[in-house]
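Predicted model only: the values in this text are computed from it and were never measured.
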Amino acid sequence: EDALRRDFSINGLFYDPIEDRILDYVGGREDLERRILRAIGDPTQRFEEDALRLARAARFALRFGLAIEPRTRKAIVENAGRLALVSAERIRDELIGIFTGPDPGGGLALLSELGLLKIVLPEVEAMHGVEQPAQFHPEGDVFEHTVECMRKLPPAPSLTLAFGMLLHDVGKPPTFERL
């Protein structure tokens with residue numbers, strides 16, 4: 001019963017130290033072998049129980065190099081607005097894990113794809129579509145530029161460096177003018 005209330009199958013694994021064996025009631029081992037992050041049971045129900053799990057899914061996917069299973073991904077997108085119900089402190093901790101983790105640029109892109117970025121950092125989401133001079137920024141708009149900058153961070157960047165890079169162009173969307 002405890003395993004069925006956990007968030008993701010990889011968190012539903014138990015270790016029996018007496019018999020030195022792993023107990024798996026929810027398919028977590030198979031998901032790890034397949035490199036899949038899957039919500040246990042009904043993904044929407046898991047996210048209704050604790051909306052922080054929406055952001056945690058992104059952090060786990062990035063940290064462990066997992067693809068988010070389609071039903072789980074769909075439920076994240078459909079329930080993204082629920083993240084606004086979570087305390088800022090809990091969201092902050094997930095964002096720190098994402099942006100100081102192994103793939104900060106991928107984390108930024110994934111948060112946007114899942115619809116979570118517009119909830120937690122709308123100023124960064126607003127970078128989409130803000131043009132930059134092609135001769136200086138061939139990578140594209142301000143959002144793509146920021147994703148690429150985040151991808152170039154050193155492994156395990158400091159919090160200051162990660163958030164400095166994330167926010168270095170945050171003023172461009174509200175001040176953009178086409179001349």
Side-chain angles (χ1 to χ4, degrees), residues 7-8 35 37 39 43-44 46-48 50-179:
D7 51 7
F8 305 105
R35 311 299 306 153
L37 182 71
T44 296
R46 294 291 79 81
F47 300 135
E48 287 174 352
D50 182 358
L52 186 66
R53 291 172 171 172
L54 298 159
R56 188 177 297 137
R59 182 172 59 84
F60 284 175
L62 293 156
R63 180 173 180 196
F64 302 116
L66 306 173
I68 301 174
E69 178 267 334
R71 278 184 62 230
T72 301
R73 179 182 275 271
K74 182 176 186 279
I76 293 169
V77 171
E78 290 173 352
N79 289 279
R82 295 183 56 75
L83 193 55
L85 304 173
V86 177
S87 74
E89 294 82 6
R90 293 179 75 209
I91 294 170
R92 174 204 59 212
D93 292 344
E94 292 299 327
L95 293 177
I96 288 170
I98 290 168
F99 296 133
T100 62
D103 186 6
L108 178 56
L110 183 59
L111 287 171
S112 183
E113 289 168 22
L114 295 174
L116 301 173
L117 190 63
K118 67 184 173 193
I119 306 302
V120 297
L121 291 170
E123 304 84 357
V124 177
E125 180 72 19
M127 295 177 181
H128 278 286
V130 177
E131 298 173 15
Q132 301 194 102
Q135 68 269 31
F136 302 115
H137 295 287
E139 68 279 1
D141 66 16
V142 176
F143 185 81
E144 286 305 315
H145 166 73
T146 303
V147 168
E148 288 307 310
C149 288
M150 298 289 285
R151 288 189 195 279
K152 294 187 183 330
L153 287 170
S158 71
L159 181 61
T160 303
L161 179 59
F163 278 84
M165 188 66 74
L166 175 68
L167 301 174
H168 80 276
D169 275 342
V170 75
K172 286 185 177 179
T175 60
F176 178 78
E177 280 185 20
R178 192 178 309 273
L179 300 176

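For the pair L62 and F99, the minimum side-chain heavy-atom distance is 4.5 Å or more. Taking the side chain as every heavy atom from C-beta outward, K152 and M165 never approach each other to under 4.5 Å. L54 has its side chain out of reach of L114: every pair of non-hydrogen atoms, C-beta onward, lies at least 4.5 Å apart. With contacts defined as side-chain heavy-atom distances shorter than 4.5 Å, the pair L121/L95 qualifies. Counting only heavy atoms from C-beta outward, the side chains of E94 and L83 never approach each other to under 4.5 Å.
Residues P104 and P157 come closest through the heavy atom pair CG-CG, 4.3 Å. Taking both residues in full, the closest heavy atoms of D50 and R90 are given as OD2-NH2, 2.9 Å, listed atom of the first, atom of the second, then distance. Nearest approach of G171 to P174, heavy atoms of both residues: O-CD, 3.3 Å. The two residues R82 and A51 have their closest heavy-atom pair at O-CB, 3.4 Å. What you find for L110 and A61 is that their closest heavy atoms are CD2-CB, 4.4 Å. Closest of all the heavy-atom pairs between G81 and I119 is CA-CD1, 3.9 Å.
From L161, atom CG reaches atom OG1 of T100 across 10.5 Å, with rounding to the nearest 0.5 Å. The distance from atom CD1 of I76 to atom CZ of R53, rounded to the nearest 0.5 Å, is 12.0 Å. Expressed to the nearest 0.5 Å, how far CG of L52 lies from CG of D93 amounts to 8.5 Å. In this structure, F64 CZ and L37 CG are separated by 9.5 Å, a value rounded to the nearest 0.5 Å. Separation of atoms CG (L117) and CZ (F143) is listed at 5.5 Å; rounding is to 0.5 Å. In this structure, E139 CD and E144 CD are separated by 8.5 Å, a value rounded to the nearest 0.5 Å.
Heavy atoms of other residues, nucleotides or ligands lying less than 6.0 angstrom from NZ of K118 number 12 at most. Within a 6.0 Å sphere centred on CZ of R63, other residues, nucleotides and ligands contribute 12 heavy atoms or fewer.
Here the rule is side-chain contact (heavy atoms from CB on, under 4.5 Å) with P173, and of M127, E123, E125 only M127 fits it.
Between E148 and R151 there is a salt bridge, since at least one side-chain N of the basic residue sits less than 4.0 Å from a carboxylate O of the acidic one.
Aromatic ring pairs are classed by plane angle as parallel below 30°, tilted from 30° to 60° and perpendicular above 60°; the pair F8 and F60 is perpendicular.
For T72 (side chain) and P43 (main-chain N/O), no donor-acceptor pair under 3.5 Å exists by modelled atom type.
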